[in-house]
Amino acid sequence: MRILAIETSCDETAAAVVEDGRRVLSSVIYSQIEEHRQYGGVVPEIASRRHTEQIIPVTVAALEQAGLALPEVDAVAVTYAPGLIGALLVGVGFAKGLALSARKPLIPVHHIRGHVAANYLAHQLLEPPFLCLVASGGHSHIVEVCGYTDFHTIGKTRDDAAGEAFDKVARVLGLGYPGGVAMDMAGQGGDASRYPLPRPKVTGSPYDFSFSGLKTAVINLAHNALQKGETLSVPDLAASFGQTMAELLCQRFFDAADHLGHKTLACAGGVAANSRLRALLETGAGERGCALYLPPLSLCGDNAAMIGAQGYYEYRAGSVADLDLNAVASKPI
Ligand code: KG4
Ligand code: ZN
């Protein structure tokens, strides 16, 4: 089954064609990062307008790269939740038009389920059940993937998402937007033990995260240094923050894996590209004799191929939307 997938939940306009949930026939991403960079973050109104301009050329390119015409795909999948509402609406409206005109089934896909499914594209043998750490700009979750369309949230952030914290700290350190990759690179040669940072716990919820205290500690360090006329080492601070974040994510994740007895582990979302997190996940999984699946860097960030992958399993589970499908800004996995 070939699925044409559309993704417009944030600042990437993306379309892809995926076969049987596992093979990418094409994947096209138009990134709006350059435009949003000047504002230090995504401006929702601008994101919606760019999606409106780019969605048709991006989709045409995805079909061309796959060597297919619209009648040759079997279904249209679209991210309908969660995300920026105006951005989601562009993709949902467009996908409905495509499905109606081409008489194809319309498959609604949850964005975070899509991030998890990115792993199916890279790891042909991976199948549920497994435990997945999802860390992106909007989410930080520990999710038990009981089946392809059966998810159980074990823990989540009580405040900032991991990627959001990276982005905010990067801005204060003058590393620009988006901050995650810049922080990762800046911290490569840095001394991760130079700046001891707080490691907040959520009382009574051993698998929940809290990152706002960690973020604020770095921001306060930077502001205090500025007031005193002192210079901070950006590489050391980026390394200290990155290491603390990776350790916090991994501690909770491996505690949950140990407690629930999971031997198959995965990671997903934009922050899954982080080098310190990937290294710690490899070490922890190795120590426990667990199989660890990480998406390649090209599939960590937002893309439509992951929506096509999850769309296949949603369709097989009977999830087909009517043409009154609406976008939803916030929705649990
Ligand atoms: O999954 P994603 O592309 O979009 C959302 O669904 O939010 O994640 C984007 C987030 C951003 O916050 C970005 O700074 C972060 O992922 N990110 C990283 C790295 N690459 C992207 N964070 C840490 N290290 C990285 N290498
Ligand atoms: Zn995402």
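Residue numbers start at 1 and run along the sequence shown. Whatever order the structure lists them in is the order used to number ligands and atoms, beginning at 1.
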Within a reach of under 6.0 Å around OH of Y315, are more than 12 heavy atoms found that belong to other residues, nucleotides or ligands?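 No, not enclosed.
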If you have a sec, work out which protein heavy atom is nearest [atom] and how many Å separate them, to one decimal?
atom	answer
atom 14 (O) of ligand 1	D167 OD1, 2.6 Å
atom 21 (C) of ligand 1	G270 O, 3.4 Å
atom 2 (P) of ligand 1	D302 OD1, 3.5 Å

Which is closest to atom 8 (O) of ligand 1 in terms of heavy atoms, A246, G137, A170, A273?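 It is G137 whose heavy atom sits nearest to atom 8 (O) of ligand 1.
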G180, G179, G269: member with heavy atom nearest to atom 18 (C) of ligand 1: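 It is G180 that holds the nearest heavy atom.
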From OG1 (T153) to OH (Y207), nearest 0.5 Å: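 Going from the OG1 atom of T153 to the OH atom of Y207 covers 14.5 Å.
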Once you round to the nearest 0.5 Å, how far does CG of L325 lie from CD1 of I107?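 These two atoms lie 11.5 Å from each other.
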Any N, O or S atom of H139 closer than 2.8 Å to the Zn ion (ligand 2):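 H139 does not place any N, O or S atom closer than 2.8 Å to the Zn ion (ligand 2).
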Are any N, O or S atoms from H115 nearer to the Zn ion (ligand 2) than 2.8 Å?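 For H115, the answer is yes, given that an N, O or S atom comes within less than 2.8 Å of the Zn ion (ligand 2).
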Looking at [X], which atoms of ligand 1 are within less than 4.0 Å of one of its heavy atoms?
X	result
H115	1 (O), 6 (O)
G301	3 (O)
G163	12 (O)
S136	1 (O), 5 (C), 6 (O), 7 (O), 8 (O)

Under the side-chain contact (heavy atoms from CB on, under 4.5 Å) test against H111, which residue among K331, H139, E7 passes?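 Result: among K331, H139, E7, E7 is the only option passing the side-chain contact (heavy atoms from CB on, under 4.5 Å) with H111.
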What about the rings of F209 and F211, do their centers lie closer together than 6.0 Å?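 Centroid separation for F209 and F211: below 6.0 Å.
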Which segment of M183 sits under 4.0 Å of ligand 1 when only heavy atoms are counted: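 For M183, there is no contact with ligand 1 at all, from either part.
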Counting C-beta onward and ignoring hydrogens, is there a side-chain heavy-atom pair between S319 and T149 closer than 4.5 Å?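 Not touching, per the 4.5 Å side-chain cut-off.
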Between R276 and Q243, is any side-chain donor less than 3.5 angstrom from a side-chain acceptor?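 Present: a donor and an acceptor within the cut-off.
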Any side-chain donor near an acceptor of the partner, S27 and N303, under 3.5 Å: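 No, no side-chain donor-acceptor contact under 3.5 Å.
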Taking just the N, O or S atoms of D302, which one is nearest to the Zn ion (ligand 2)?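 Checking each N, O and S atom of D302, the shortest distance to the Zn ion (ligand 2) belongs to OD1.
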